[in-house]
Amino acid sequence: EAAVTQSPRSKVAVTGGKVTLSCHQTNNHDYMYWYRQDTGHGLRLIHYSYVADSTEKGDIPDGYKASRPSQENFSLILELASLSQTAVYFCASSDRGRDTQYFGPGTRLLVL
Amino acid sequence: QQKVQQSPESLSVPEGGMASLNCTSSDRNFQYFWWYRQHSGEGPKALMSIFSDGDKKEGRFTAHLNKASLHVSLHIRDSQPSDSALYFCAARAQTGFASALTFGSGTKVIVLP
């Protein structure tokens with residue numbers, strides 16, 4: 001089965017600080033995604049990428065940047081963390097754009 | 001209004017019973033549907049996909065899609081304690097960004113021993 005790992009698994013950050021969440025997949029998938037999960041909202045797409053060195057905006061990109069330095073790695077960057085960015089963040093990957101997505105275990109971010 | 005709406009928000013079912021979950025889309029572009037399951041503290045995991053009208057069965061799980069009404073359901077037969085989880089319906093449009101999934105807000109299933 002597809003393997004997606006995330007680090008850190010949890011993090012406490014201060015308002016205004018910089019946060020980097022990392023994702024690594026070993027499945028040779030082209031597509032990678034970042035979602036956030038909030039109670040009552042399901043999962044919402046922040047950024048995605050279908051090739052190294054290129055990222056695209058998802059549905060809620062404001063306040064987030066993404067980086068895809070290689071096919072295996074995809075990072076989510078919060079340059080100036082805010083209280084509203086407290087959430088659980090999930091990374092996912094898929095072989096092709098239309099295929100099933102495989103999710104990592106998530107990163108719980110608390111911004112104080 | 002959310003484009004993918006799920007009901008009920010939560011449901012309890014006795015062990016061995018049948019659980020039925022519903023999902024309706026308000027966007028006619030959504031033609032492809034998935035059901036994902038998320039256990040507490042874990043990432044979502046795809047249960048099954050359904051792209052054609054009718055039923056699709058995988059083990060104890062049966063999905064039903066009606067494209068005309070944009071309604072998809074999931075039925076869990078012989079529910080087990082391990083089925084206690086948050087279930088998401090996800091939909092994708094036929095055109096546009098090929099892999100963009102829109103998720104519903106989820107149905108929490110509790111299987112009572």
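Just so we're on the same page: letters track the sequence lines, and every chain starts at 1.
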Q) Between A/F90 and B/Q38, what is the shortest heavy-atom contact and its length? A) CZ-NE2, 3.2 Å

Q) Stepwise, does the side-chain contact (heavy atoms from CB on, under 4.5 Å) test hold for B/F103 with A/Q37? A) CA-CA 10 Å; B/F103 284 81; A/Q37 183 175 29; over 6 Å; no

Q: State plainly whether one hydrophobic cluster holds both A/L43 and A/L78, where clusters connect Ile, Leu, Val, Met, Phe, Trp and Tyr through side-chain heavy atoms under 4.5 angstrom apart.
A: no

(Q) At a 4.5 Å cut-off on heavy atoms, which part of A/R108 comes close to chain B: side chain, backbone, both, or neither? (A) neither

(Q) Could you measure the distance from the OG1 atom of A/T100 to the NZ atom of B/K45? Nearest 0.5 Å is fine. (A) 12.0 Å

Q.
Quick one, A/Y33 and B/L101 - any side-chain contact, counting heavy atoms below 4.5 Å?
A. no

**Q.** Joint cluster assignment, A/Y48 & A/L76, ILVMFWY side-chain distance < 4.5 Å
**A.** no

Q.
Check for me, please, whether A/Y35 and A/Y50 land in the same ILVMFWY cluster - side-chain distances under 4.5 Å, paths through other members count.
A. yes

Q) Does any heavy atom of chain B fall under 4.5 Å from the side chain of A/E56, the backbone, both, or neither of them? A) neither

Q. Is A/I46 reachable from A/Y31 through a run of I, L, V, M, F, W or Y residues, each pair having side-chain heavy atoms under 4.5 Å apart?
A. no

Q: Check the hydrophobic clustering (I, L, V, M, F, W, Y; side-chain heavy atoms under 4.5 Å; chains of links allowed) and say if B/F33 and B/V109 are grouped together.
A: yes

